[in-house]
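In what follows, every chain begins at residue 1, and chains take the letters A, B, ... in the order their sequences are listed.
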Amino acid sequence: MTTISYIDAINAAMQEELQRDENVFVLGEDVGVKGGVFGTTKGLMEQFGEERALDTPLAESAIAGVAIGAAMVGMRPIAEMQYSDFMLPATNQIISEAAKIRYRSNNDWQCPIVIRAPFGGGIFGGLYHSQCPESIFFGTPGLKIVAPSTPYDAKGLLLAAIRDEDPVLYFEHKKCYRSVTGEVPDEDYIVPIGKADVKREGDDITVITYGLTVHFALQAAEELAKEGIEAHIVDLRTLQPLDKEAILESVRRTGKVLILHEDNKTGGVGAEVSAIISEELLFELDAPIARLCGYDVPAMPISPPLEKFYMLNKDKVMEAMRKLALF
Amino acid sequence: MTTISYIDAINAAMQEELQRDENVFVLGEDVGVKGGVFGTTKGLMEQFGEERALDTPLAESAIAGVAIGAAMVGMRPIAEMQYSDFMLPATNQIISEAAKIRYRSNNDWQCPIVIRAPFGGGIFGGLYHSQCPESIFFGTPGLKIVAPSTPYDAKGLLLAAIRDEDPVLYFEHKKCYRSVTGEVPDEDYIVPIGKADVKREGDDITVITYGLTVHFALQAAEELAKEGIEAHIVDLRTLQPLDKEAILESVRRTGKVLILHEDNKTGGVGAEVSAIISEELLFELDAPIARLCGYDVPAMPISPPLEKFYMLNKDKVMEAMRKLALF
Amino acid sequence: MNHKSSAVETTRHEQLGLTDAQVLEMYRTMLLSRRFDERGLLLQRSGKINFHVSGIGQEAAQVGSAFAFRKQHDYFLPYYRDYAFVLAVGMTVRELMLSIFAKAEDPNSAGRQMPGHFGSKRLNIVTGSSPVTTQVPHAAGIALVAKMKKQDIVTYASFGDGSSNQGDFHEGCNFAGVHKLPVVFVCENNQYAISVPYSKQVACESIADRAVGYGFPGVRVDGNDPLEVYRVTKEAHERARRGEGPTLIETVTYRISPHSTSDNDLAYRTKEEVDYHKGRDPIPRFREYLYACGVLSESVETDMEAELAGIIKEATTYADQAPFPQPEDTLKYVYGDESI
Amino acid sequence: MNHKSSAVETTRHEQLGLTDAQVLEMYRTMLLSRRFDERGLLLQRSGKINFHVSGIGQEAAQVGSAFAFRKQHDYFLPYYRDYAFVLAVGMTVRELMLSIFAKAEDPNSAGRQMPGHFGSKRLNIVTGSSPVTTQVPHAAGIALVAKMKKQDIVTYASFGDGSSNQGDFHEGCNFAGVHKLPVVFVCENNQYAISVPYSKQVACESIADRAVGYGFPGVRVDGNDPLEVYRVTKEAHERARRGEGPTLIETVTYRISPHSTSDNDLAYRTKEEVDYHKGRDPIPRFREYLYACGVLSESVETDMEAELAGIIKEATTYADQAPFPQPEDTLKYVYGDESI
Ligand SMILES: Cc1ncc(C[n+]2csc(CCOP(=O)(O)OP(=O)(O)O)c2C)c(N)n1
Ligand SMILES: Cc1ncc(C[n+]2csc(CCOP(=O)(O)OP(=O)(O)O)c2C)c(N)n1
Ligand SMILES: [Mg+2]
Ligand SMILES: [Mg+2]
């Protein structure tokens, strides 16, 4: 085990896969010479050459589309979208193409691409450098979607995504890049897509979340433990397909559930989690299913007091958890 | 009151608004000379000239983007997407631009456009002429989304959408075009955006739905009435913003709710409706919140037995309603 | 076309390096495509199938392109009118019939997709969709792999004139241009995008004019002349193989049929206009050339028509009688791991 | 630029119909923009603001464009480096400062958007976003309205060289070309898109080459020469007013600053390269010209620098002290009907 940052875990996963499999390559804006605007692809061009850490023209639909074409003939492209906000020009390639290639060809063709996109706020990025776009893609069968919260999951899920036979959207939280560190194994491993993870055990309330807010929940849980409230914290890790079993099991354990995410509330992943629970476990609930999410505004503003108002944090999460525990 | 078809209601709404307000115009592929591939814009070019029923180049992002530009300087464009499946190249214009113009400019600029898109299946359209794309846009605050089921609502909501100060996505169900007829007032009226409609009253179970499936629910309800089951049927009509009050009221009335839509289940509008209910009315529920929706596959196939398997119909809906009533 | 060439002089096709057998095969493919297409229209009118989209009038352009490529070797991303193209690179009429009948055995999609949405891994025909020009970046991606892996493979991608206004056309061409990729982009300019004529789609004189903006050559060619199309495509194919990058070819044709069986074309164009272009139908024109060269004779032709009629009939009966997919097949192949 | 013109001959600017006062104002605007930009960088480095994106090196191109348009009359869709442009069409430094400080009074977005995301209904500066070239179709839409309503209004839309590879650039230009709309598209080619040089973005010699594919003229011009930029833009503006349609202008410049304050440009380009272009800075070059014409003198210059320093200082202090928006303002203006 070695302790590294979330961003280094992402970088290491790519570095190792480029090494292991000659069909893996990375493409995107500024991923080559510069090593990415956040540094996620640092060193890859130096080690593997220009073609395998490919600087592309400024055109996201082409980045996705070229990756899809390459994947159909046997490659394992990792397409980087500079910010998840800028994947929208590629929506048609992602939803109409990547998601449907296997299905429309009756399994004759496959599309094993990974699309990495930094998402989330709290970095003074303003409206177009802070968004959580997962709800746009979440309703599309054929896609897999992951969103790790720790270096271990970040590396393991990226390795799994690259080796997966289907298109995977990999949402990496910008705020976690350098603020979150953790242990990762020295040997090869993967985190299986479709499996949630219990990040903390507890019997009083269940918190179901993913991404940056996992950390707020964990911090809040530590404080609440002093008040005698023990929270059970489930990190979804994979958003599509959801780990239904893990969700239901965690709810059975406490009977009280708070769903937490940074993406705005209406139409978010939390709605589906809630719907699954009330479809399957309604009579085991001891409290209404609560959601604490981003406000329903188009995107978070850059002005510091507004960004702070929009973003969740330990205190806001703790308040919601306490309220649920006391219900 | 005059009895007309759903498609004629849409055509009439546009015709009347083009007449009433010189700032209204229609643009899209084949909307001029041909009058639309379905005939929704028939006669408009003849009556109002080429500029107000404008045939555009084959480029959806430009159609949306040009409409947005025109709207920002005071026009009321109605942009037609030939099939809702083909709005995806315009996603960036819709989500990054239309939805955020008011917000990002702190109310200095507005974007009163309507984007009309025929959606849904059952017409042997196959993967790319049958989709329900509402989940892609549903999680985006700043957009309004409507989806009428009857000629009355189709006309009234389109009039409201054109007069609205914000961008409205108007999803019209292709299968309703000629198969659904109904009365519309002879005088001017609107159906307010944001208001659901009770299409049938009943005390045993609540069905919440929109679009084509409203009709399946109504047909099923008639048959179930003979078995002594009285269904309360709520047509959402507006998907964004949801009519929370109407949803909750209808659930309070029966304590049992079935959410029904053609769009695939995971991440659909039904998930949010369910989440709202279990957040607000958990202890008034007498049965788990049920959802009957499209299968979680990328899109419906064209082959007749597969399309039939995918599509909901009166019998499938009746079965789900009966099961809920008997819970 | 030079109608005066006689059998003793070197023929145009010989000058292009094509044998008599090859041009006869070109002709046969055009005719087979036409007969299939006519049957498709008939089947739709008689209610046997729900929908047909036709390539009538574009066969010469398609076959001329296809013959410059290597079957089961190069990669192909055709568009929905490319029946003659896919027949030329190996698809059978039976397979096309299975597709228009939406039957389980259809190799393109097992009846999932509309007719004209081709795909066959065996034939290197890459699965296509309806939203136009998404295949342009895919073709660039495939060509990028050929370049990375130093494989002698050229990729073909076609699309309509109206479709060249989509963002993906621009982005895909630009990517291919920057990386000098081995790909040939073919715009089949049939003058219409459904009801919208060329003049309302674009303001440039020729779609081929767009190539300069991507740093590679653009060539406009008479799409009713299969040999001329072959010639320029062969050149483009060779440029690609030499590592000199992409070419954009515009084959100027005319869409003789309505847009699809759902379209009434006389609502937006005149019978006279259509008739004029029927008079320039590439098939009789090429037939005349082949007669003039002595490649085609009455007896060859009679045999050919009989053979094709047999193929169409057999394929129609086969596809008509073939089973539909099982309803529950709807649920298959969402993901590679079916347990999900 | 012709440095030999003396005050007695007709100067270049007079030949273009510009008065001495006007060119002095051009110069003043360039300088004001530069001083604002330098202060922005300083404020970021000192931690006063979080982020700055600079237009240093592009002022001549921007001012040359802006002076061909009519303030508070034409419509403007500038991009994030267009400080000199927006200053020229009426925005004040105080307003720009309020924006980079993200304060409530910022007229662009009340502190919601990043700096460089301009918008002011009062000034006909249309609200812009970050995803590049979405403004190109908007500009076409605004120009379409001018044409429909027979208004004498010309629309300006600018963007970077890398951005001209986006689908929206293509679709917007094509739409404007087909409808011959009164719009001028300006590509400020500063040789880089963040770290990616021109040669890896496009394979065409000039972005202006793309115009032919849209059926309108494309003009490449030295973006370090404000008068030449003015001349070609004025011509484009007149073409637009005459109903002859769009023009694409490529102003060739160089991005002297790093991409933004988050960028370390020496990771992908050399100091020598940057220094070479600093040596071609348009501001001293224009200054020299104005001296040569006798428009600028030491005393005028001293006064101007003092005036601008005062403006920058006042604006900085004002913006620094201005209140932030209220946290709950986050919830405002999602829809027109606030009750939703
Ligand atoms: C993105 C997208 N928008 C709209 C359509 C609907 N549509 C199908 S074919 C067509 C016209 C295509 O015209 P062109 O590119 O000239 O090809 P042609 O049909 O003439 O061969 C349209 C608008 C589509 N398939 N994809
Ligand atoms: C659609 C989109 N993708 C990516 C980005 C991130 N980004 C911001 S500026 C930029 C480079 C733009 O280069 P260019 O168009 O040449 O303009 P310049 O910055 O050089 O003035 C990139 C990639 C973006 N803003 N929008
Ligand atoms: Mg065409
Ligand atoms: Mg640039």
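The contact between A287(B) and chain A is made entirely by backbone atoms, counting heavy-atom distances below 4.5 Å. Looking at Q131(A), only its side chain comes within 4.5 Å of chain B, counting heavy atoms on both sides. Proximity to chain A (any heavy atom under 4.5 Å) is shown, for I276(B), by both the backbone and the side chain. For A299(B), the parts sitting under 4.5 Å from any heavy atom of chain A are the backbone and the side chain alike. Heavy atoms closer than 4.5 Å to chain B are found in the side chain of L282(A), but not in its backbone. Residue F137(B) does not touch chain A at all, counting heavy-atom pairs closer than 4.5 Å.
Atom CD1 of I289(B) sits about 11.0 Å away from atom OG1 of T206(B), to the nearest 0.5 Å. Remark: E29(A) CD to I63(A) CD1 distance equals 4.0 Å, nearest 0.5 Å. In this structure, CG on L88(A) lies 4.5 Å from OG1 on T91(A), to the nearest 0.5 angstrom. Summarising the geometry, atom CG belonging to D108(A) is positioned 11.0 Å from atom CZ belonging to R102(A); distances are rounded to the nearest 0.5 Å. The line from CG of L169(B) to OG of S84(B) is 10.5 Å long, rounded to the nearest 0.5 Å. For the atom pair CG (L212(A)) and CZ (F119(A)), the distance works out to 8.0 Å, reported to the nearest 0.5 Å.
Chain B forms more heavy-atom pairs under 4.5 Å with one residue of P298(A), A271(A), S135(A), A275(A) than with any other, namely P298(A). Per-residue heavy-atom pair counts under 4.5 Å with chain A were compared for S274(B), G139(B), G126(B), P133(B), and the maximum is reached by G139(B). Annotation: maximal heavy-atom pairing with chain B below 4.5 Å, among A290(A), G267(A), G142(A), occurs at G267(A). Between chain A and the residues A90(B), S278(B), S61(B), the most heavy-atom pairs under 4.5 angstrom are made by S278(B). Ranked by non-hydrogen atom pairs under 4.5 Å with chain A, the options I94(B), I95(B), N92(B) are led by N92(B).
Here the closest non-hydrogen pair linking A98(A) and I113(A) is CB-CD1, 4.1 Å. The minimum heavy-atom distance linking S96(A) with D85(B) is given by the pair OG-O, 4.5 Å.
For residues 285-298 of chain B, every residue pair satisfying the side chain to side chain donor-acceptor pair (under 3.5 Å) rule, not counting sequence neighbours, is listed here: E272(A)-R291(B), E279(A)-R291(B), N264(B)-D296(B), T266(B)-D296(B).
Inspection of the Y210(B) and E134(B) side chains reveals an N or O donor paired with an N or O acceptor under 3.5 Å.
A salt bridge links E97(B) to R104(B): one of the charged nitrogens lies within less than 4.0 Å of a carboxylate oxygen.
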Q: Run the numbers on I101(B) and M72(B) for side chain to side chain contact (heavy atoms under 4.5 Å, CB included), then give the verdict.
A: CA-CA 9 Å; I101(B) 280 170; M72(B) 285 198 284; 3.6 Å; yes
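Annotation: residues 244-263 of chain A contacts chain B through no residue [non-hydrogen atoms, separation under 4.5 Å]. Chain A is approached within less than 4.5 Å, heavy atom to heavy atom, by F327(B) from residues 319-327 of chain B, ordered by number.
A search for side-chain contact (heavy atoms from CB on, under 4.5 Å) contacts involving S130(A) returns M300(A), not counting sequence neighbours.
Taking the six-membered ring for Trp and the full ring otherwise, F86(B) and H129(B) have centroids separated by under 6.0 Å.
For the side-chain contact (heavy atoms from CB on, under 4.5 Å) test with V273(B), the passing option among L239(B), V234(B), I208(B) is I208(B); the others fail.
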